[in-house]
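In what follows, every chain begins at residue 1, and chains take the letters A, B, ... in the order their sequences are listed.
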Amino acid sequence: LKRLGLSYDWDRAIATTDPEYYKWTQWIFLQLYNAWFDPIARKARPIEELFTELESGRLLVGIEGEPVFSGNTEGVDAVTGLPVGTRKIHELPADELRLFIDNQRLAYMDEVPVNWCPQLGTVLANEEVTNEGRSERGNYPVYRRPLRQWMLRITAFADRLLEDLELVDWPAATKMMQRNWIGRSEGTSVKFPLGMGSSSGLDDEIIVFTTRPDTLFGATYMVLSPEHPLVDAITSAEQFHDVNAYRIAAGEKSDVDRIAEAGSGAKTGVFTGAFAVNPVNNEPIPIWIADYVLMGYGTGAIMAVPAHDSRDFAFAKQFKLSIRAVVMPDDAWLDAHGPADLRGGTPDALRATFRQDPTKFDEAFTDHGTAINSHNEELTLDDHPTLQAKAEMLDWLEGNGRGRREVQYKLRDWLFSRQRYWGEPFPILHDENGATMAVNEKDLPVALPEMEDFRPASSEDPEAPPQPPLSRSPMAWKQVVREGRTLTREFNTMPQWAGSCWYYLRFLDPKNEQRFVSPQADRYWMRGNGHEAGERGGVDLYVGGVEHAVLHLLYARFWHKVLFDLGKVSTPEPFARLFNQGYIQAFYYEDARGVRVPAEQIEERDGGFFYQGQPVIRHMGKMGKSLKNAIAPDDICAQYGCDTLRLYEMYLGPLDQSKIWRTADISGVHRFLQRLWRVFVNEDGSSRVADVEAPLELQRLLHRTIKRVTEAMDNLAFNVAIAALIELNNDLVKRYASDEVIRAAGGGAEAAAVGLGTGGLAVPRSVAEPMTLLLAPLAPHIAEELWEKLGYRDSLSRQAWPKWEQAFLIQDRVEYPVQVNGKLKGKVSVPADADDAAIQSAACADEKVAPLLAGKTVKKAIIVKGRMVNLIVG
RNA sequence: GCACCCGUGGCGGAACUGGCAGACGCGACGGUCUUAGGAGCCGUUGCCGCAAGGCUUGUGGGUUCGAAUCCCACCGGGUGCACCA
């Protein structure tokens, strides 16, 4: 791939080139294809059970082809004799039944507006489009256009994906991002009948979603998204031209333009000529179309309450639509936003003005308040606080069949097909009618065909049709004959996420040829911490960057839940604990044109930075190719060794923070390793370690170090663990000085005499061995070398982790800081078993403290055992 | 705009449940060994002060015997969300 000049990444290359791996990715896809979501049980079930449910009559087919549970129907239709709102399934023609079933699958094909990126020549998932409306990869513009594509029904799992975030030990920020992305919002759907002036002639209604049903009396117009399916039917003849022109313009707009427009606050829109009826007061209200209403959220239609929604307020002012106040704000808001001549005046005047004409205020009031101007013959909300008014309105709507409680999600189904060569082929065949069927399990994997030219069709024209490279593949691959019928393979391929969605499961059992993972391996690894089946469980610790928060981590949770529901894995969540590591950052440099220049060729002089003699500007950013500021790890390894590189990166700071690379700082950890080596090993390579007694103070330091390192490692605080080892090493260097120091002091024999060593020059084995084991996870290579110098022939990796002994953590004497009135004044050393009275008298007798107590009485002494003494004097 | 996280020496950072702030490292300074030092070794190093001593965890307040840690307000930085009805 590199030779061909194509960009690639390793995850993807491995996932799509190892048939033993993608075979099982295709198999999991078939699990999704052959499953449906039971909304009552709230779980995925095999498609066979859909047939069973249909045959038993517990599941019925709704009028619009939706599944209806018999328990949810009300009464029997007098004409058909069937439960209200259902059809006879046995009389359904085969193709309709097939359509019904296909529409229930967790992997299904649908024609929906998708993110089309002509330059990449492929469609993209919502999660792969940036806030600016560009492709995350390559940063190209993305357009919305309807295309028939493979979708995965992740929305069915929205509630469980949200709820089960409670189970996992993840960073708050990552959970927050998933919650935002799922975007659950509780509200009300309200039916607005079409009124006079509608050209449709149908008794159609428009359903809107709102979180503020209490403001329904203030709905003075309605807005449909330009793509709303009813637009054609309702638009009047006079308005047809304008509406059509607006729709075309909106369709041609890229997301980039649309989002830029949103940022400016400007609104565009066109009147359709049609009216709807506000169900609470039977007033006709005009229906507009505008692109500030998104087809992708809610029902693609809104009731506009301009007095209490800032977008509707801007739109109504621009197009001179009426604005009616139905929620009274508090006085402070009125005073802050009211007309200049009334500000600072009486609240009554402001209230009266707001009630009459909210356009005199400078923005919409969107908070909760007290309902006003809100009553009809049956219902009055006036003077009721917003929460109460919401509940009352909801009751009224439900009682009259004009609306009901509803939950909306921002999450959309996952667009799963791509028009690229490098991806797992779908294990799917199409018949002559376009119906889909699964490839037989025994025929997996469906391998990619050999092709000369497998590049995606790139174009700058948003109208360019998608052309999957596999559509140009040899006929021998494209067509499959099964039972005498010629079937065609699916030409789209899966996105890179497919393979990464479950690789952690394959890691548990990578050589298994019978299953994607054996139940034994799943149980052993995923429930290793004593979890029962169905409890959280999952991978013990998963370290990765935040950029996966709503991509890989959401997709993998979804697949895992499907596999869990189908009994293929035993835990509902894949990753028990997640840790987001920070990025290594480095300086990068831009020349006068803003072009980035290689950081390694920068000269620093005269307080400035220069590239080939030209001044450049220094910035800071994530280390990588695009900023031309990468440091090749190989070079650092060649110069210092890879243990030094490891140690340096870990010593930079906490794992979750972004850290700045500074090559100069490497010498610190490099020196540590050299000093450590010299404590253990003589210049001639012989070991300095022997079976000598370690002094008590050293034993105590060793056990303190074991404790600190162990706890730091548990917290992933590698920098702290390394610091503790450096301290231990510094102590050893002082006690058992290195060759150079001994020579300087006149040779080994005299060393003890001049105070350089207390127990001879040999380093006690009882310290050296545990220290080596503590070092092993941080600097594994040098630790193995030292282990060999200690006389072992096998790797230390099978050794038990050192344990600290409480007995060595206890000191004979304890040094207490002495505070007087909360201020630190002195320190006293007392025996560890001294009682409070003894500690206090020692504290009072301290030479720094005593003068401060002269002529005063100690009113109170706060003594915290082992911690400190605080004397309160009057 | 809303939400979340974070502010500690010249720098990276440490500090268990509120209990000696600044561990450890870098840098700097001094010494030593050297033909030499951008190597090694030995020291010093939060700030002010000759010292005694005083001050110090973004700023201001609060709780407490005691606050980097808890609470409130503000300032600064980072991240996320955002035409989501």
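Closest approach to the A:K825 side chain among B:C41, B:G54, B:A82 is made by B:G54 (side chain taken as heavy atoms from C-beta onward). Nearest nucleotide to the A:R671 side chain, out of B:G40, B:A85, B:C24: B:G40. The side chain of A:I872 lies closest to B:C65 when the candidates are B:C65, B:C83, B:C26. Residue A:T211 has its side chain nearest to B:A85 when only B:A85, B:C42, B:G80 are considered.
At a threshold of 4.5 Å between non-hydrogen side-chain atoms, the residues A:L224 and A:T272 do not count as touching. For the pair A:K865 and A:Y816, the minimum side-chain heavy-atom distance is below 4.5 Å. At least one side-chain heavy atom of A:L809 sits under 4.5 Å from a side-chain heavy atom of A:R704.
Counting to the nearest Å, the C1' atom of B:G66 and the CG atom of A:N821 are 11 Å from each other. Remark: C1' of B:A85 and CG of A:L224 are 13 Å apart, rounded to the nearest angstrom. In this entry the distance linking CE of A:M177 with P of B:C2 reads 21 Å, nearest Å. If you take CD1 of A:I863 and P of B:G66, they are 17 Å apart, rounded to a whole angstrom. The CG atom of A:N715 sits 21 Å away from the P atom of B:A23 (whole-angstrom rounding). A straight line from CG of A:N180 to C1' of B:A3 spans 8 Å, rounded to a whole angstrom. A:H670 has its NE2 atom 13 Å from the P atom of B:A39, to the nearest Å. Residue A:F718 contributes atom CZ, which lies 18 Å from atom C1' of B:G25 at whole-angstrom precision.
Applying the salt bridge (charged side-chain N to carboxylate O under 4.0 Å, His left out) rule to pairs touching residues 715-732 of chain A yields A:R708-A:E727, A:D731-A:R735, sequence neighbours excluded. The salt bridge (charged side-chain N to carboxylate O under 4.0 Å, His left out) analysis of residues 211-222 of chain A, with sequence neighbours excluded, yields the pairs A:R212-A:D214.
In terms of position on RNA chain B, the residue among A:V550 and A:M176 whose nearest nucleotide sits closer to the 5' end is A:M176. Of the two residues near RNA chain B, A:T299 and A:E727, the one whose nearest nucleotide lies more 5' is A:E727.
For the P atoms, the distance linking B:U32 with B:G37 amounts to 12 Å, nearest Å. The same atom, P, is picked in B:C26 and in B:U44; the two are 15 Å apart, to the nearest Å. The same atom, P, is picked in B:C70 and in B:G7; the two are 10 Å apart, to the nearest Å. Spacing of P atoms, B:A51 relative to B:C65, comes out at 36 Å, to the nearest Å. Distance check on atom P: B:G10 versus B:A3 gives 34 Å, rounded to whole Å. Atom P of B:C71 sits at a distance of 16 Å from the matching atom of B:U64, rounded to the whole Å. A gap of 7 Å separates the C1' atoms of B:A68 and B:A21, to the nearest Å. Across the P atoms, B:G12 and B:G27 are found 15 Å apart, a figure rounded to whole Å.
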Fill in: Footprint string (nucleotides 8-21 of chain B, 5' to 3'): B base within contact, S backbone only, - free, heavy atoms under 4.0 Å
---SBSS-B--BBS
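Judged as a ring-ring contact (aromatic ring centres under 6.0 Å, His included), and not counting sequence neighbours, A:H228 has no contacts. Qualifying side-chain contact (heavy atoms from CB on, under 4.5 Å) partners for A:S322, counting only residues two or more places apart in sequence or in other chains: A:T220.
Paired with A:F217 under the rule side chain to side chain contact (heavy atoms under 4.5 Å, CB included), one option of A:V327, A:N278, A:V280, A:V305 passes, and it is A:V280.
In this structure B:G9 sits in the syn conformation; its chi angle is within 90° of 0.
Distance CD1/A:I666 to CD1/A:I636: 4.0 Å, rounded to 0.5 Å.
Among the protein residues, A:N730 comes within range of the sugar-phosphate backbone only, with heavy atoms under 4.0 Å from sugar or phosphate atoms but none that close to a base. Within the nucleic acid shown, A:R675 comes within 4.0 Å of sugar-phosphate atoms alone, with no base atom in reach, counting heavy atoms only. The residue A:V305 sits apart from the nucleic acid: no heavy atom pair falls under 4.0 Å. Base engagement by A:K410 is indicated by at least one non-hydrogen atom pair under 4.0 Å involving a base atom.
The phosphate of B:G80 (OP1 or OP2) has no side-chain N or O of A:R179 nearer than 4.0 angstrom. When the side-chain nitrogen and oxygen atoms of A:K823 are compared with OP1 and OP2 of B:G54, none of them lie within a distance under 4.0 Å.
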Worksheet, complete the sentence: Under the rule of Watson-Crick or G-U wobble with both distances under 3.5 Å, where | means paired to another strand and [ ] a crossing pair, RNA chain B maps to (((((((..(((......[....)))((((((.......))))))(((....)))..(((((..]....))))))))))))....
Item to complete: May I have the step-by-step check of ring pair (Phe, Tyr, Trp, His ring centres under 6.0 Å) for A:F319 and A:Y221, ending in yes or no?
Response: CA-CA 11 Å; A:F319 294 103; A:Y221 65 101; 9.0 Å; no
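Annotation: A:Y640 is not in aromatic contact with A:Y648 [ring centroid separation under 6.0 Å not met].
Look at A:E166 and A:R179 and you find a salt bridge, because one of the NZ, NE, NH1 or NH2 atoms lies within 4.0 Å of a carboxylate O, short of that distance.
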